[in-house]
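I have placed the structure first, in the form of structure tokens, so that the comments after it can refer back to it.
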There are 2 protein chains.
Amino acid sequence: MEALQLNGVCYTLSREACLLWKRISSKSFLGSHAFPRSVLWKPISSNPFLGGSHVPKKGGVQVVSPNIASPDLAVELLCAWDDEYEGVIVDPYSLPLSSNSFASTLRASLLNWKLKGKRGIWLKILQEQTELVPIAIQEGFNYHHAESGYVMLTYWIPDEPVMLPAGPSHQIGVAGFVINDKREVLVVKEKCPCSCSGIWKLPTGYIDKSEDIFSGAVREVKEETGVDTMFQEMVAFRHAHLVAFEKSDLLFVCMLKPVSFEITIDEKEIQAAKWMPVDEVLKQPFYREDHMSKRIIEICVATYERDHSTGFIAHKLTSKFDGNLSYLYYNENTIV
Amino acid sequence: MEALQLNGVCYTLSREACLLWKRISSKSFLGSHAFPRSVLWKPISSNPFLGGSHVPKKGGVQVVSPNIASPDLAVELLCAWDDEYEGVIVDPYSLPLSSNSFASTLRASLLNWKLKGKRGIWLKILQEQTELVPIAIQEGFNYHHAESGYVMLTYWIPDEPVMLPAGPSHQIGVAGFVINDKREVLVVKEKCPCSCSGIWKLPTGYIDKSEDIFSGAVREVKEETGVDTMFQEMVAFRHAHLVAFEKSDLLFVCMLKPVSFEITIDEKEIQAAKWMPVDEVLKQPFYREDHMSKRIIEICVATYERDHSTGFIAHKLTSKFDGNLSYLYYNENTIV
């Protein structure tokens, strides 16, 4: 939410209005006085992290707002909107283009937010404006998270412990246990020169962005071995800490039913793949020493041999919170 | 791995030697010729993301190495070591202090790595050296991930699709289902002005860094309600995408047995907490509309009423891969 001064009156801008205002102003399409009040007074939208498919023209004229510390002096403020927690989300697509202008606007905005009693400030800086990052850090912002294309910075105003949620902390891996009617398990030897080289092991991999666990397992097995499968149940997961980048890791072990049997390996990642009698898998010296991997195979074999499911199945359900469909994994026998 | 020129001979430096070399050089403790060869030739250590507790003196003299493009011209290169995937990890504690020096050293190092056939480059920049970030981005680096204190940048050298693992993609939440002998469930009303305000719901929260799921559930219930509990089993989890920061979210629902019953709320986060008859929980209009939340409560109640476990229990096991203990969650009935 930001303030807009029209004829000396301060209006609250919704996110949409703020962006529309910039697009119009930057095109010199209309004078500010022609800006319809009804647009400005749209209610503030919630959960603004979910938006972002629209990319309005960058570096437009900043919204002019009265500085509430010195009401006579109009200063430029960053275009931003409120979140649900008395915080502020800065519009990443309308940051000033020059470092000097960004520095002064950020400073004025921080003062303004402090005076307004705001709490957490979210500042996403796109990769093409990276030169603004040191300026924000200099002003007291901290890194929150990043991915290809942007970095998210935060600033906590209250004089109390930071209550902002942490950034993403986990990578999600999947392992596929595929067994045929001859009790042979689909195993691979990885190509990397790492600690697992030389071992026949289950196909594994990380899930893609926004991919479901069961789809990720089916995809990884297909990519590494060429074998088509169907998800049956998730039988175990391992939770490990301080793995890559000192972050944590969840590995979900999925029982998959093979629907094709011919092997075609991905030569970039895999040295070899084959159907291996399950007893031979466990006889490898590695499995005698690695209690975690051994137990995983034992659980998979036991699941295969049982006549009823003991793992979790994925059920698609709607949540009213966000209106989205997502999957709930649970044991179907719990509520039959 | 980096090269060191001594009497015109190029030596390979292990990580430890590289850091030791810097400490010695920056203290002018010994001339470079006194540096013992045996230290320089230590084998390269693997998985360097896990190290980092040592913080050698920053901004020491850079290792002088022959530029393999122009062998007669000695240039400064960044102190770095090899990873297991033909990649390079730059030492974040020894980056040049000045932007100009960093720019030229980074450029020379990139050329050197390209000529050596290296693949992925990992460059962690600490928050106090943020002014180096725009320089690295300018040279073609991308954001990988960040958290308070640092940003990790990557550069992919081969002329083929990037094969570096993505950064962390998930937040991990926990919900605690605590029921007493009168079939009353421990519920809270959250303080935030968000979509769930006014609803009596299970206590929930995000797990802390490196915290286990079962510990996180017990801690969140204690923090929000003051009630002490013991973890019994994890009965379901929800996997949702495009939640905060367009990332994904896993919410693990844990059955917890109460061991104390008096309620003391955390007034910062919670408006109210109470023991509520389970039928009343589900009679709230919200639960009639929110299929996801309704099913979660139903699964918890069914689990409470069953005489055997259908959820997952945590078992501590060692893995040979990293020598660490971590938890494997599975249904104990699978392999009895």
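Every chain is numbered from 1, with letters handed out A, B, ... down the list of sequences. Everything numeric in this text was worked out from a predicted model, so none of it was measured.
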Can you tell me if Lys294(B) has over 12 outside heavy atoms packed within less than 6.0 Å of its NZ? no

Drop me the distance from His291(A)'s NE2 to Lys316(B)'s NZ, to the nearest 0.5 angstrom. 15.0 Å

When rounded to the nearest 0.5 angstrom, what is the spacing between OG in Ser248(B) and CD1 in Ile172(A)? 8.5 Å

Take Thr334(B) and Val301(A) through the side chain to side chain contact (heavy atoms under 4.5 Å, CB included) test and state the conclusion after the steps. CA-CA 9 Å; Thr334(B) 312; Val301(A) 174; over 6 Å; no

Using a 4.5 angstrom heavy-atom cutoff, name the option from Leu132(B), Leu251(B), Ile299(B) with the most pairs to chain A. Ile299(B)

In terms of relative ring orientation, are Tyr329(B) and His239(A) parallel, tilted or perpendicular, with 30° and 60° separating the classes? tilted

Among Gly311(B), Ser309(B), Ala236(B), which has the most heavy-atom pairs under 4.5 Å with chain A? Ala236(B)

For the aromatic rings, using the six-membered ring if either is Trp, is the centroid distance between Tyr327(A) and Phe237(B) under 6.0 Å? no

Measure Asp212(A) against the heavy atoms of chain B and call it side chain, backbone, both or neither at under 4.5 Å. both

Chain B contacts, top residue of Thr303(A), Thr154(A), Val151(A) (heavy-atom pairs, under 4.5 Å): Val151(A)

Distance col, row Ile296(A):CD1 vs Leu317(B):CG, nearest 0.5 angstrom, shows 8.5 Å

Can you say whether Val235(A) sits under 4.5 Å from chain B via the side chain, the backbone, both, or neither, judging by heavy atoms? backbone

Of the listed residues (Met234(A), Lys124(A), Glu131(A)), which shares the most heavy-atom pairs with chain B below a 4.5 Å separation? Met234(A)

Should we say atom CD of Glu305(B) is surrounded by more than 12 heavy atoms from elsewhere, each under 6.0 Å from it? yes

What part of Ile137(A) lies closer than 4.5 angstrom to a heavy atom of chain B: side chain, backbone, both or neither? side chain

Does atom CD (Glu267(A)) have a neighbourhood of more than 12 heavy atoms from anything else shown, all under 6.0 Å? no

List in chain and number order the residues that pass ring pair (Phe, Tyr, Trp, His ring centres under 6.0 Å) with Tyr206(A), two or more places apart in sequence or in another chain; answer none if no residue qualifies. none

Looking only at Val253(B), Leu250(B), Asp208(B), most heavy-atom pairs under 4.5 Å shared with chain A are made by Leu250(B)

Interchain contact, Ile207(A) with chain B, by part (heavy-atom threshold 4.5 Å): side chain

Gln171(A) CD to Ser169(B) OG distance, which is reported to the nearest 0.5 Å: 6.5 Å

Distance in Å, Leu328(B) CG paired with Arg295(A) CZ, rounded so as to fall on 0.5 Å steps: 7.5 Å

Flag if over 12 foreign heavy atoms under 6.0 Å of CD, Gln138(A): no

All heavy atoms of Ala302(B) vs all of Ile335(A), minimum pair found to be CB-CG2, 3.2 Å

Roughly how far apart are His170(A) NE2 and Asp249(B) CG, rounded to 0.5 Å? 11.5 Å

Can you confirm whether the side chains of Asn333(A) and Thr310(B) place a donor and an acceptor under 3.5 Å from each other? no

Does Val133(A) form a side chain to side chain contact (heavy atoms under 4.5 Å, CB included) with Tyr143(B)? I'd like the steps, not just the answer. CA-CA 12 Å; Val133(A) 173; Tyr143(B) 289 121; 3.6 Å; yes

So, the part of Lys209(A) with a heavy atom under 4.5 Å from chain B: the answer is side chain

Shorter than 4.5 Å, heavy atoms on both sides: which option in Lys268(B), His315(B), Glu211(B), Glu298(B) has the most such pairs with chain A? Glu211(B)

Using side chain to side chain contact (heavy atoms under 4.5 Å, CB included), reason through Gln127(B) and Asn142(A) one step at a time and then give a plain yes or no. CA-CA 8 Å; Gln127(B) 194 151 320; Asn142(A) 274 299; 2.7 Å; yes

With a 6.0 Å cut-off on the ring centroids, do Tyr330(A) and Phe312(B) count as close? no

Ion pair Lys247(B)/Glu147(A), N-O distance below 4.0 Å: yes

In the structure I gave you, are the side-chain heavy atoms of His241(B) and Ser326(A) within less than 4.5 Å of one another anywhere? no

Checking heavy atoms, do the side chain of Phe252(A), its backbone, both or neither come under 4.5 Å from chain B? side chain

Side chain to side chain contact (heavy atoms under 4.5 Å, CB included) assessment of Glu269(A) paired with Met163(B): CA-CA 10 Å; Glu269(A) 283 188 48; Met163(B) 284 180 71; 4.0 Å; yes

